[in-house]
Each structure stands twice: as structure tokens, then as C-alpha cells.
Amino acid sequence: MSGYDPKAIERKWQQVWADERTWEVANPGQPGYAGEKPKSYVLEMLPYPSGEPHVGHLKCYAVGDAIAHFRRRHGFEVIHPMGYDAFGLPAENNAIKTGEPPRAATERSIESFRRQFREWGISIDWSRELGTHTPEYYRWTQWIFLRLFERGLAYRDEAPVQWCPVDATVLANEQVVDGRCERCGTPVEQRRLEQWFFKITDYADRLLADFDLLDSWPEHVVTMQRNWIGRSEGAEVTFRCEEAGIDFPVFTTRPDTLFGATFFVLAPEHPELERLVAGTAAEVAVREYVNDVARESVEERGDEDRPKTGVPLGRSVVNPVNGEEIPMFVADYVLMEYGTGAIMAVPAHDSRDYDFAKAFDLPVRRVIEGVDDEVAQDDEGLPYPGDGPMTSSGRFDGKGNREAYEEIVEWLAAEARGKKAVNYRLRDWLVSRQRYWGAPIPIVYCESCGEDGVAAAVPVPEEQLPVELPEVEDYAPQGRSPLAAAEDWVATACPRCGGPARRETDTMDTFVDSSWYFIRYLDSRNEAAAWDREAADHWLPVDQYIGGVEHAILHLMYARFFTKALADLGQLGVQEPFANLFTQGMITRDGAKMSKSKGNTVSPAEYVGRYGADTARTYVCFMGPPERGGDWSDEGVEGVSRFLSRLWRLCEEVEQRAGGPKTAPMTTEIRPSAEGDARALLAKAHWAIDKVTRDFGRGFQFNTAIAAVMELVNETYRLKDGLYADEAGTAVVGFATATAGSLIFPFAPHLGAEIWERLRGGRVWEEAWPAADPELLSSDTVTLVVQVNGKLRDRIEAASDASEAELLELARASEKVRRHLDGKEVVKEVVVPGKLVNLVVR
RNA sequence: GCCGGAGUGGCGGAACUGGCAUACGCGAUCGACUCAAAAUCGAUUGCCCUAACGGGCUUGUGGGUUCGAAUCCCACCUCCGGCACCA
């Protein structure tokens, strides 16, 4: 007997899968299309190819592959493709540092990922492989951009944007974390630039409503997106500045507090600010304040705890509900990005307004009484955010604020001074990047097509796509895209008038690339279209999506937006891309997030080399519930390796004893003759089948599924020597071992395939998933638990169909139980048939 | 501050609908095999008392519901994640 040699086994099966193109599936109309089978689209988030794959990748693809295998063996035609999200900053930053072109570094990394995915034995349909950095792919990214542009969903605007001074690029709001660049941690600055945006805000309501269309997404991911979209209902109310003749609409969620507005605040970026103070005494102070604010980092300004600052404008607006004139201020606690950039300040009922009022000694007027009388009178209970009866609010006095809310909004609407309004936290998606390594934006600027000296943005016609990324010498951005240096490329002819024109030199955010890759997989070799509608209709939506929680907001929301926009454009027949989402937890090492700088990274290649892919894959699925994180443990890997070796030795032993042809009896043939230990082992095998199957169904509880197979193997070891005594027993050992191989196959596919071939012949992946025999799941006897006063006193074997009276009699007969009943009175008897008896004594 | 999630042996974790707490793995101890070690196979392993039989205690803390609570309810503590001057 030879030892378990994962290298040989894994090489053998990887060769089979590659030679036979086992995991390739065909589209409708193509040869080999399995139209009679139901489809299942199993997809893991595509990797960003930088360096080598890490354990996070291993876990993601191990989990996804287990699901893919499980579904195949349930009769589904599973599409399980792979690609690379290859554009992006790391390759470009590496280029700036080393001079190596991003394409070269990226291709090298892709080669490494591709090789390792094969070494891991992931069941990928390689015929659909794609890279988002290839012209064959980004041509269609550009095509989608043009479709959005036609629809007015891609537009250009000058806007205050988040600028990272180190990466020298604009960032999406989503890429700014705590006022810092998500990538490099540098505090971001605000700049005003002409940028391209996607109008995701048009889809805010549908993005919220269509959570209902999803089958199963983790609740916290939905919550995060909901919070990010940040829908607030309220009212828009117009305050007029008579002196300047300007109307200032404000958004408020609390129109019921309108009578308590005692001042009015504009954001420092408010466009009317200049006009309002021009030529007044306040002009200089206001301008200084605005400049000071502009110099502050987003992080500083965002700090909630610092004292409120601001400057009076020397102007006032009229409160539409009571005609009161209230003074105007500029203050940086009001943000231009949210609402209208202007607020009515109600210090009695808003803590920020309250702080400002205290700092500037402004009046505070309570308009809602507290329900608790003690705080109803003076300043004590202020600011008061809760509900209560109205006061100092004219004819609304005494009414509940909720009721008054509706009436005030109605009155405002009737007077044309306001209306119901909904506001969102979500901003449009800024997609321009002043970087080299991305898909060029397919737009040219033509002065002759423009007006008033402003160049027109002319879309590049579809037949001229792709707008290919030119080679450049210097990848370092200098406040403009490195593409701007490629003069030959920038200078072009206007597709509309034929005159001289200049290309857009910004590239697209890489999240654009990854917002539609799951559609391209369905028809990735199509040169005439982004995808064939029939193929998309057949495979979409993704039935099971798997990836890290870190994409809970960005990628997952952008992909949802793209799907809806493309459906509106008549290109897709689904509203949601991912019917089910599974987010896997992060693997840590020594309790800390892995990072190169901490030196605590785990290299999958190293472990695959030492223990084999089956061990590495099974370990990441066994270390804990896959949706939760877990700490990497070398001893844990050893344990899994030991288990697989144990299973392997069992297989060899069984094979040797069997000797003959691989046509062992089926479980139904074994069952009638099985009794005693043979029956016990048979039952254990069926218990394991049932357990593994249910664990797949219960949110992919792979840790307990693998534990069940371990139990089966342990039980087989315990009983095998006795069972070898006769032919029937030997057959049961063979059945148990083959079943263990079959059940471990989704996690350790090479070993599973090898065991099956040796003991049963044929390909395990072509075998239907085993079904547990209900007759073997139940047993004739059960362990009756006997408690006295809720405490366990004895365990008794009892017939599973025993009556309550019989169970009680059994319980009372127990010596261990009697000891605790002595001299006491039984006041209550609880019997749970098939489970337990509890005697309550006094 | 707001919104989620989680607290179980020495460690990772299991326990389905309120019914045997600690499955499985790691670690540890002992035994078999061996000249020896490794590997392997087998046994033991929550804590405390006891020579033993046996008994007591135990799922972050305190209370409650129940014949019975890791599980349900109330209050609190701790840790992790997300959002955060969003009007």
C-alpha cells in the first residue's frame, strides 16, 4: 500500500478535466446545448489580478466550486466561468515605480492566477474566460457607455469632487473612507472639475424597491445598501430673501417644526452666496470664511465633535408659515451635497442647530412639547427630537406634531410655498479617472461642433470602437491623465463634422468594467455584440453569487444599476443580476487581517504544494461557518490533511479486499441482509448523506458537512475489522467508503473522484447526488432521556414506538432514577415521546 | 450617536422547532507498534469535590417565563462590522 499522494491524484484528474473540457457548457443553439436540464449560474466575484492569489481567493473559489459541483450532481446545467478584473491602480502604481508597463505586469499575474486555479482543481468553464483590460472586452464597456450617454444616463458636469493628491485622481464618493482615499489613506481634497457621471440617482427608488425581487441576500448587505441610498421623506419649503430677491428652497424631514425656525444657514459652496453678499459689509468676512473652509480637508470638516463655526450674512429670509424674518448665516456644518445646500435651523429640535444657536447666541424656540411634563417648559429638555403636542405654532397649537406635519405640508402646497419631497444620500456615480490603466471614455471634443467656444462632447460611433488605449512613456499622473501626453492619439478627427478634435483623456472607473462582466461571460467570444440576448435570457440572473462583504455597497450596487439601465435599454430581460448572494468572511492570521507589511500572509501555493489542493480547499471550508471569518491555523490544516489521508487509506484497504471488478452492490441490495454493526454503519452513511445535503441547503454550512463525513470515516474505522468477517459486512464497508468519497467530492474533488473510480468505477461528477434512505435514518430504538426536576439522571434504550405509559414505566424502573424519587412525591410527569421523560418531585 | 452581528472547554467551533451542552477538528495525556523516533492505530480529555460509587457546578453578567433555557423575554457588560454634522 502506498501513502496518500495528493500530487499524483490531483495531476491525474486535472489532466482529465482539461483534456475532456469537462466543465464547459454550451449556449442555446450551440452544439452540446443541454436544453433539457435546468440551468444554474454559479459565480464568484472575479479576481483583481495583482501578484499571486491569496487565501481570500482560495476560500471564495473553494466555496463557489463546492456549490457548483453540488448543483451539477442535482441535475443542473451549471455555468461556472472565470475572468480577471484587470484594469486598476496597483498595476499602474507598479508601472510608475518600476517602469514596467501595466499590461505586462497584469498579464504575468493573470498567468499565475490561471495556473493556480487549475492547480486548485476549480471546475471552471475556461472557454468563457475574459480579461476586462483586453480591447475585445473594453470595446463593449465603451459601447455600454455610449448607450448610457444616448439615454442621458452618462453626462458631463462640473462638480465639486473628491481629489486624492497622492494618486492624483478623482475618487467616487464610495472610494472615500473617513475622509481619506480608500487606496492610499491620504486625506482627500475638494476640487471643482468637469467630470463624467452615471445617473444612478435616477434609479434610487428602484434600487430600494427591487430588494423584494431578490431570493436570498444577507440582511446586513441589504441594510448597508439601503442606508447608503439614504432615502428620506420630508418637504421642500421655500424661504424668500426679499432684499436680494432670491428664493431659497430647503429640504426638511421636519416640516412640523417650521414655526421653530429662528435662523437660516447656507453651505459655504452655495452658488447664491456671492450674489447675496456682494457689496455688503459682510462680503469680506464671508469670503474669508469660505476660503478657510475650502482649505480644510474633508476629514477635518466632517468631524462632528468640533465647535460650530460660521459667519452672519447680514441678510434675512422670510419664514413662509409665520412671515417672520430670520437672519442668514453661512456655516460649514451645512453640506452642499445634501438637500439644497441650505437649511432652516430649528435649534429647539435639532442638536446641530442647537449647538450653532448656543455658539452664536441665537434664540431657541420650542414648538413641540415633551411628553414628559418636567421637560416641557424650559431649555432643560432641549434639543428635543421626539414627538409631542405643538406649541408656539399658531393655529396648530395643541395638535400632535405628526398630525400637524401633514397639515402644514398641505398648507404649504396650497400656498405654493412648498411641497412633499424625497431626498437621497446617494449621489450620481462619478466615473472619470485621470489615470492610464483603464478603459478610455469613448468621447471626442470638437470645437466646431460646439457653441460659444465650448467644445461639444461627441460620442465615438459604435463602428469605431474600441477606442484603444495607446502606449505611453510615462504613467505618472500630473493632475491630468497620462493619456494626455499621447498627442498622436489625442488629436483625432471629429466623427460628426470631420474637423480636428481631441479625445477625452480620462479613463473609466474600474467598477464600470466589473458592473457587467457576468453578462459577458454568457457570450464572451461574441465579436458582433456585447452579448447575444438569447444567451443572456437563458442564463441570467446569476443563481448564486459569492464574494467578500467588502463589496456590499460599491460593486453590488453598481451592478444592480447597470442591470436595470440595460434592461431599460432593451438589452436584458432581468431587473436584478444576482438572485442569491453569499458573502464569505475574511480569513485572518494571528487574529489580524493579513497584509504584506505585517508579514502574516498565507500563500495558498505553499500549502497546495505541501498538502495538496484538496487539503487546502477542504480546510478553508472546515475552519468555521464560511460566511464568518476565521483564523488560519497550520495545525488545523494538518488535521484536515490527516482526515483525507485516513479516508485514502480506507479506500486502498477496501479496494484490496474487493479485488474483483468494480461493481459493488448498491445500498438497496445490501440493506436487507445488514444487521448489527453492518446495519449501524449503513445507517451512519445515510445519516452523513442526509446531514451533508441539509447543510448545503442551510446556507452552505460546510464546516458541519465536512465534520459529518469525518464522523462517517471514524465510524467506518471503528467497525470495519469486525465487518470484514463476512461478505455482506465487507460490502457495507465499501459502501461507506465510497459514500464518504462521494460526499467529500465537492470540497476535495480530486480525492473524491479517485475514490469513486477505484471503488465504484466511472466519474463521480456524473453520478447523481446520493439520496438518504428514510428507512435507514430512523431506528427501532431511541435513547430515552430521563430527568428528575429537569436534571439528567439516566439514559435508557427504548422502543421508538413505545407509548407514553410504557416510557413512564421504564423511567420509574431505573435504579438511578429511583434514588432521586426516594421519599418524595412526584407532582408532575412530562413525557416527550421518542425523546424524554421528566419527573417533577417535591 | 444610529443600524447590524457575535459572546459556549486550553483553542477553532457544534447543538435543527425550548428537550442528552461541548459533535467534528486542534492541542494535551496514556497505551499499542518500533532498537528508537516519526507516521499510524486505540483510549482518555469542560470545571470542582470523591479512593471509588457518585455528587455539585458550567454557554458574557443580573433577573424573568417554563416541568425544562446556549436557545424565548427584560436590563446590563464586552467585542466585531457598517454608517455618521444627511437637515
Side-chain angles (χ1 to χ4, degrees), chain A residues 3 177-178 218-228 230-232 234 250-254 257 265 267 301-306 308 331-335 337-346 349-353 355-356 423-426 549-550 552-553 585-586 619 622-625 627-640 642-643 645-646 649 691 694-695 698 701 703-714 717-718 721 783-795 816 819-820 826-832 834-841:
Chain A
V177 178
D178 292 333
E219 194 52 49
H220 68 277
V221 172
V222 173
T223 305
M224 275 194 233
Q225 287 202 9
R226 198 169 265 138
N227 291 342
W228 189 264
R231 185 180 198 272
S232 301
V250 301
F251 173 76
T252 177
T253 53
R254 296 295 304 275
T257 64
V265 190
R301 184 169 166 185
D303 185 1
E304 214 174 323
D305 297 329
R306 67 180 194 156
K308 295 276 180 288
D332 67 359
Y333 81 92
V334 175
L335 309 173
E337 310 88 86
Y338 189 78
T340 61
I343 62 152
M344 64 167 199
V346 185
H349 303 288
D350 180 282
S351 62
R352 297 150 302 172
D353 296 345
D355 292 345
F356 191 84
N423 205 28
Y424 300 91
R425 211 188 80 103
L426 182 70
V549 219
E550 62 273 20
I553 299 173
M586 203 178 33
Y619 173 65
F622 179 66
M623 56 195 301
E627 74 275 11
R628 295 231 293 264
D631 207 51
W632 185 271
S633 145
D634 283 356
E635 290 78 20
V637 181
E638 289 274 1
V640 168
R642 266 201 288 268
F643 156 63
S645 306
R646 220 162 124 81
R649 284 193 304 273
K691 174 74 177 151
R694 278 187 297 121
D695 284 345
R698 283 198 309 152
Q701 310 250 310
N703 52 330
T704 49
I706 293 164
V709 184
M710 289 174 168
E711 282 196 54
L712 173 58
V713 171
N714 289 346
Y717 264 80
R718 258 191 291 278
D721 291 338
T783 306
L784 181 71
V785 171
V786 186
Q787 300 177 331
V788 176
N789 283 353
K791 282 203 172 90
L792 174 75
R793 292 304 172 190
D794 200 5
R795 279 172 248 233
K816 289 176 181 167
R819 242 201 304 263
H820 292 91
V826 176
V827 294
K828 187 165 186 174
E829 294 164 332
V830 181
V831 183
V832 182
K835 265 192 184 146
L836 113 174
V837 169
N838 187 13
L839 303 171
V840 184
V841 299

Have a look at [X] and say if it touches a base, only the backbone sugar-phosphate, or nothing, with a 4.0 Å heavy-atom cut-off.
X	answer
A:Val346	nothing
A:Arg698	sugar-phosphate
A:Ser232	sugar-phosphate
A:Tyr717	sugar-phosphate
A:Gly630	nothing
A:Arg226	nothing
A:Asp355	nothing
A:Glu638	nothing

Return the minimal non-hydrogen interatomic distance between [X] and [Y], and the atom names on each side.
X	Y	answer
A:Met224	A:Ala552	SD-CB, 3.9 Å
A:Asp631	A:Met623	O-CE, 3.4 Å
A:Met344	A:Thr252	CE-OG1, 3.6 Å
A:Asp353	A:Ala345	OD2-CA, 3.2 Å
A:His820	A:Val841	O-CG2, 4.3 Å

Which class fits the ring pair A:Tyr333 and A:Phe356: parallel under 30°, tilted 30 to 60°, perpendicular over 60°?
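Ring orientation of A:Tyr333 relative to A:Phe356: tilted.
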
Does [N] have OP1 or OP2 sitting under 4.0 Å from an N or O in the side chain of [X]?
X	N	answer
A:His820	B:G55	yes
A:Ser633	B:C11	no
A:Asn838	B:G19	no
A:Arg642	B:C26	yes
A:Arg646	B:A39	no
A:Arg718	B:C41	no
A:Asn714	B:G25	yes
A:Lys791	B:C67	no

From the set [options], return the single nucleotide nearest to any side-chain atom of [X].
X	options	answer
A:Gln701	B:A15, B:C67, B:G19	B:A15
A:Met224	B:G82, B:C85, B:C16	B:G82
A:Lys828	B:C67, B:G82, B:G19	B:C67
A:Leu792	B:C24, B:A87, B:A21	B:A21
A:Thr704	B:A15, B:G55, B:G54	B:A15
A:Met710	B:C26, B:G25, B:G19	B:G25
A:Pro625	B:G25, B:G13, B:A87	B:G13
A:Arg628	B:G55, B:A14, B:C85	B:A14
A:Val832	B:C67, B:G25, B:G19	B:G19
A:His220	B:A23, B:G4, B:C67	B:G4

Qualifying residue for side chain to side chain contact (heavy atoms under 4.5 Å, CB included) with A:Leu784, from A:Asp794, A:Val832, A:Val837, A:Val831
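One option only clears the test, and that one is A:Val837.
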
Counting only Watson-Crick pairs (N1-N3 plus N6-O4 or O6-N4) and G-U wobbles (N1-O2, O6-N3), all under 3.5 Å, who is the partner of B:G10?
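The base-pairing partner of B:G10, which may sit in any strand shown, is B:C26.
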
Could you identify the nucleotide paired to B:C79, looking across every strand shown and requiring Watson-Crick or G-U wobble geometry with both distances under 3.5 Å?
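When the pairing criteria are applied, B:G5 turns out to be the nucleotide that pairs with B:C79.
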
Interatomic distance where [atom1] belongs to [X] and [atom2] belongs to [N] [whole Å]:
X	N	atom1	atom2	result
A:Asn703	B:A15	CG	C1'	12 Å
A:Tyr333	B:A84	OH	C1'	17 Å
A:Asp794	B:G54	CG	P	11 Å
A:Arg649	B:U40	CZ	P	6 Å
A:Leu839	B:G19	CG	C1'	14 Å
A:Gln225	B:G4	CD	P	17 Å
A:Lys835	B:C67	NZ	P	19 Å
A:Ile706	B:G13	CD1	C1'	13 Å

Under a 4.5 Å cut-off applied to non-hydrogen side-chain atoms, are A:Val346 and A:Arg254 in contact?
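No, too far: nothing below the 4.5 Å cut-off.
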
Name the residue closer to the 5' end of RNA chain B, choosing between A:Thr252 and A:Arg819 according to the nucleotide with the nearest heavy atom.
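The residue closer to the strand's 5' end, by nearest nucleotide, is A:Arg819.
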
Need to verify one output field. Residue with the more 5' nearest nucleotide on RNA chain B, A:Met344 or A:Val785?
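It is A:Val785, whose closest nucleotide lies nearer the 5' terminus.
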
If we take the [atom1] atom in both [N] and [M], what is their distance in whole Å?
N	M	atom1	answer
B:U65	B:A70	P	16 Å
B:A6	B:G60	C1'	11 Å
B:C48	B:G9	C1'	14 Å
B:A36	B:U45	P	28 Å
B:G46	B:G82	P	38 Å
B:U78	B:G62	C1'	15 Å
B:U61	B:G7	P	13 Å
B:C33	B:A38	P	15 Å

Does B:G9 adopt a syn or an anti glycosidic conformation, taking syn as a chi angle within 90° of 0?
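Syn conformation here, the glycosidic angle of B:G9 being no more than 90° from 0.
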
Does A:Asp634 offer a backbone N or O that forms a donor-acceptor pair with the side chain of A:Tyr619 under 3.5 Å?
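Answer holds: no.
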
Is it true that a side-chain atom of A:Asn838 and a backbone atom of A:Gly790 form a donor plus acceptor pair closer than 3.5 Å?
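Such a contact is found between A:Asn838 side chain and A:Gly790 backbone.
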
